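The sequence lines fix the lettering, A, B, ..., with proteins before strands; numbering per chain opens at 1. Quick caveat, the model's predicted, so the values are computed rather than measured.
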There are 2 protein chains.
Amino acid sequence: MAAPATEIEAAQPEVPAQGRTGRAGGVRARVRAELTAEIKEAARCQLAEVGAADLSLRAVARELGMVSSAVYRYFASRDELLTALIIDAYNALGAEAESADAGVARADLEGRFRAVGRAIRRWGLAHPYEYALIYGSPVPGYVAPDDTIAAASRTSLVLTGILADGHASALGAPGAELPEALRTELERLGTQLGGDVPPPLLARGLTVWMGMFGAVSFELFGQLHNVVDERDALFEFELDRWIGLLELR
Amino acid sequence: MAAPATEIEAAQPEVPAQGRTGRAGGVRARVRAELTAEIKEAARCQLAEVGAADLSLRAVARELGMVSSAVYRYFASRDELLTALIIDAYNALGAEAESADAGVARADLEGRFRAVGRAIRRWGLAHPYEYALIYGSPVPGYVAPDDTIAAASRTSLVLTGILADGHASALGAPGAELPEALRTELERLGTQLGGDVPPPLLARGLTVWMGMFGAVSFELFGQLHNVVDERDALFEFELDRWIGLLELR
DNA sequence: CAAGTTTCGAGAGCAGTGCTCTTGACTTCT
DNA sequence: AGAAGTCAAGAGCACTGCTCTCGAAACTTG
């Protein structure tokens, strides 16, 4: 409590970093990996409490019983730490979507879509600050490095996978009043995604994609406050509509 | 350049606050109102440069040639300044939507909707940080005071106004597979909005509402990066879809 | 095994932040 | 004219991100 001016902390000697003898690909590297993970974990914990804007490098250092400058051996800056958290968040959401998709019979397209949609919303509600980190307003000077895009596309890939299976199995893409510029771009995007989704169907996918995250964001960011309380019912209703639009029924 | 440690600044004597003699409803009150506006203006300016998270009270004070503590005479905290900016942003967007709506013949529902949608997107693109302030992730500890809801609903009122006019003029609300809980709530919401919009139509309005801001947010927050470049075409395409869903054609 | 190199944690320090409190000058009301 | 209220300024506190240096470990090489 006393002793100001300098950084002190009752060290919690959990994993003292030298109780472990050598061997196995370098002790240093292993300890480093562990500490990196611990820092991220503590940061994630603090993120859930105070949000990204107030995430303090010094505070996570304090919680780990180390001094703030030591953290800079693992993350060159606060932004770099945040980037790591962003990638982790994308991966966590992506994994959630993937496992939800895998839990339903491949032929049950409607069931798969519904499961994935619910999983996305559920994850967002359970990790609001991590969701805000990836789908909220980007932090000011920050530009997402390309490392994030791979992690970011996992969730989208699950969604387009369902679309591709739907198109392959039978029904698919009727209407074709797609403006030329959009059409060619969606064609490129379709092949780039590897999937077999024709532009008109992919366009509907975009609508659903934006609508779905729009709905989750509205709920999480307080835009439905004093507007709709029956959020579960609303989302299920929206799910039905998206399923109808994608002709997954 | 020299002289550290204390807050100094070459005072820009614009509006010296005592070059004006008495009269007219209190000089003090007028000067106070002007200075309040100037602070907000400077803050808005800084907001556009560095974003909300890095908005510094000291910096806006510096820009106005005053000392930071003086600003606290006008805004009790940084959050209070931000709240003022949020309300202003809601009002700016609402005014934009209203004037767009007013610029089209009342009977031309599709034209009105299209104009309002474009106005919303245009305003967002022109004021990304202000848009992020109101439709992005909320700042951590912050809870929107009820002052904001009036300003926030202006835009929604324009949209529901179009819906109400559409319902009154003729066509409207067919499908009725609305779950009971949602139905009753939308009924309440409908009357609360004063408009004459039956629940099924209002439900579609919600879908469009969330979809529209979802689309604008995705574009502004970088989610379409490396996905869709033809943003204009995409938004117009979405507009068509929403118009179809609302049967405004 | 010993010498040299790299990596690490600690500490001090800088510039910046939000916010508080006090002080003295000024305006406004009685 | 005196009392009451309002204001900008300054000093200061606790905090932040980040840099730099230093000594002690951990590795690598001879």
**Message:** In this structure, how many angstroms lie between the P atom of D:dC13 and the CZ atom of B:R58, rounded?
**Reply:** 13 Å

**Request:** Would you indicate, yes or no, if C:dT20 has its OP1 or OP2 atom less than 4.0 angstrom from a side-chain nitrogen or oxygen of B:R73?
**Result:** no

**Message:** Distance check needed: D:dA8 C1' versus B:I39 CD1, whole Å only.
**Reply:** 12 Å

**Distance test, side-chain N/O of B:Y72 to OP1/OP2 of C:dC21, below 4.0 Å** = no

**Asked** Rounded to whole angstroms, how far apart are CG on B:L82 and C1' on C:dG18?
**Response** 12 Å

**Item:** Ion pair B:D232/B:R121, N-O distance below 4.0 Å
**Value:** yes

**Message:** The side chain of A:S77 is closest to which nucleotide in this list: D:dA8, C:dG11, D:dC18?
**Reply:** D:dC18

**Complete:** Heavy atoms of A:L125 and A:E219 approach each other most closely as CD2-OE2, 3.7 Å

**Item:** Side-chain N,O (A:S56) to OP1/OP2 (D:dG17) below 4.0 Å
**Value:** yes

**Fill in**
When rounded to whole Å, the CZ to P distance for the pair B:F75 and C:dC19 reads 13 Å

**Message:** Nearest whole Å is fine: how far is D:dC15 C1' from A:R78 CZ?
**Reply:** 13 Å

**Request:** May I ask you to check whether B:S217 and B:Y131 show a side-chain donor-acceptor distance below 3.5 Å?
**Result:** yes

**Closest heavy-atom pair and its distance - A:T155, A:A97** = CG2-CB, 4.2 Å

**Request:** Would you please confirm or rule out a distance under 4.0 Å between OP1 or OP2 of D:dG10 and any side-chain N or O of B:S69?
**Result:** no

**Request:** Round to a whole Å and report the spacing from CG of A:L64 to C1' of C:dA10.
**Result:** 15 Å

**Item:** Test applied, side-chain contact (heavy atoms from CB on, under 4.5 Å); reference residue, A:I134; option that passes from A:L93, A:I87, A:L85
**Value:** A:L93

**Prompt:** For DNA chain D, whose closest nucleotide is more 5', that of B:L35 or that of A:A76?
**Reply:** B:L35

**Message:** Measure CG/A:D54 against P/D:dA14 and give the value in whole Å, please.
**Reply:** 19 Å

**Asked** Between A:R32 and C:dC8, does any side-chain N or O lie under 4.0 Å from OP1 or OP2?
**Response** yes

**Request:** To the nearest Å, give me how far apart OH (B:Y74) and P (C:dC19) are.
**Result:** 18 Å

